[in-house]
Amino acid sequence: LVKDIIREQSSVLLHGKTGTYKTFLVLDLFASLVVGRPWLGNEVKQQGPVLYVAAEGVETIGERLDAWCQQTGLAVPSDQFQVMTTPTQLHDPGHALHLLAWIERHQPIAVAIDTLSKSMGPGTDENANSDMTTALTVVDRIKALGVTALLIHHPGHEHQKRPRGGSALEIGVDTSILVEKTTELYGTLTCEKQQRGKHFGAIS
């Protein structure tokens, strides 16, 4: 989807502490995919509709997209940037089938899940590899539809640079990107894993 950074039909983990602009980075990415605009200076290779599954921060998505359009001078058609405001529950077969059916019907090129932990469902434990594997099985089914799945996630409490939860998460995704805030309004993306290609250099 984005040259040297995000592959088509892959699973991408974007993780970092609260306040590191994760949600806005993904909104920027998805708006860029819709209009074909380079993302962080990197060429967008495929243009098309997207789906944003918002389990948190849904009340600010419209404002952030409006700000993006004002800054870039571009318009993002609402039918190309769909937002699902009801959190999915990846461990629940009914919820998973509903999400997969929506994707099959609308055929987005990418789906964002914000955040992974809030989308796993009640009663699940993100530290349990069995629960995480169940969630990632749905992510793999999304990929099987020819779609890139992007998971927004937080770090562990003790290891602030490591994504929170069971080891199955890091093992199960194709790409893992750490987001860090350097100064106010500035940050860095670091590639920690790129399963089907070489790691890209740090992006400011």
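Inter-residue side-chain proximity for V111 and L150 is flagged as unmet; no heavy-atom pair is nearer than 4.5 Å. Contact check for I6 versus T148: side-chain heavy atoms found under the 4.5 Å cut-off. Taking the side chain as every heavy atom from C-beta outward, I203 and T188 never approach each other to under 4.5 Å. Contact check for N129 versus S167: side-chain heavy atoms found under the 4.5 Å cut-off. C69 places a side-chain heavy atom less than 4.5 Å from the side chain of V76. Side-chain contact check for V34 versus P49: every heavy-atom pair is 4.5 Å or farther apart. Counting only heavy atoms from C-beta outward, the side chains of E180 and T182 never approach each other to under 4.5 Å. The closest side-chain heavy-atom distance from L25 to L40 is below 4.5 Å.
Here the closest heavy-atom approach between residue V83 and residue A54 is recorded as CG1-CB, 4.4 Å. Minimum interatomic distance between R37 and L74 (heavy atoms only, all atoms of both residues): CD-CD1, 3.6 Å. The two residues S11 and V173 come nearest to each other via the heavy atoms OG-CA, 3.3 Å. Between V179 and T20, the closest heavy-atom pair is CG1-O, 3.2 Å. Closest non-hydrogen pair, K45 versus K3, comes out as CG-N, 3.8 Å. In terms of heavy-atom proximity, S10 sits nearest to R196 at CB-NH2, 3.1 Å.
L99 and L145 fall within a single hydrophobic cluster, where Ile, Leu, Val, Met, Phe, Trp and Tyr are joined by side-chain heavy atoms under 4.5 Å apart, directly or via other members. By the rule that hydrophobic residues join a cluster once side-chain heavy atoms approach within less than 4.5 Å of another member, V12 and I171 end up as members of separate clusters.
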- Message: One pair to check against side-chain contact (heavy atoms from CB on, under 4.5 Å): I113 and I152. What are the steps and the verdict?
- Response: CA-CA 6 Å; I113 296 177; I152 300 178; over 6 Å; no

- Message: Using side-chain contact (heavy atoms from CB on, under 4.5 Å), reason through L27 and W68 one step at a time and then give a plain yes or no.
- Response: CA-CA 9 Å; L27 289 174; W68 189 93; over 6 Å; no

- Query: Between V2 and Q46, does a side-chain contact (heavy atoms from CB on, under 4.5 Å) hold up when you go through it step by step?
  - Reply: CA-CA 8 Å; V2 181; Q46 185 180 355; over 6 Å; no

- Message: If you apply the rule side-chain contact (heavy atoms from CB on, under 4.5 Å), what do you find for T85 with Y52, and how did you get there?
- Response: CA-CA 8 Å; T85 57; Y52 199 98; over 6 Å; no

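The one candidate from L13, T115, L14 that meets the side-chain contact (heavy atoms from CB on, under 4.5 Å) condition with L151 is L13. The only option from H153, K22, E192, H154 that meets the side chain to side chain donor-acceptor pair (under 3.5 Å) definition with H15 turns out to be E192. Checking each of T137, L116, I142, V53 against L90 for a side-chain contact (heavy atoms from CB on, under 4.5 Å) leaves exactly one that passes, namely L116.
The distance from atom CG of L1 to atom CZ of F30, rounded to the nearest 0.5 Å, is 8.5 Å. Atom CG of L100 is separated from atom CZ of R141 by 5.0 Å, given to the nearest 0.5 angstrom. Here the CE-CG distance, from M120 to D92, works out to 13.0 Å after rounding to the nearest 0.5 Å. Atoms OG and CG, from S119 and D114 in turn, are 7.5 Å apart once rounded to the nearest 0.5 Å. In this structure, CH2 on W39 lies 6.0 Å from CD1 on I5, to the nearest 0.5 angstrom. The distance from atom CG of L169 to atom CG of D131, rounded to the nearest 0.5 Å, is 12.5 Å.
Looking only at distances, a side-chain donor or acceptor of Y21 sits under 3.5 Å from a matching main-chain atom of L185. In terms of modelled atom types and a separation under 3.5 Å, the side chain of H106 and the main chain of W102 share a donor-acceptor contact. When atom types are taken as modelled, the side chain of N42 and the backbone of D4 share no donor-acceptor pair closer than 3.5 angstrom.
In this structure, a donor-acceptor pair under 3.5 Å is present between the side chains of T175 and Q194.
For the pair K143 and D174, the salt-bridge criterion is met [side-chain N within less than 4.0 Å of a carboxylate O].
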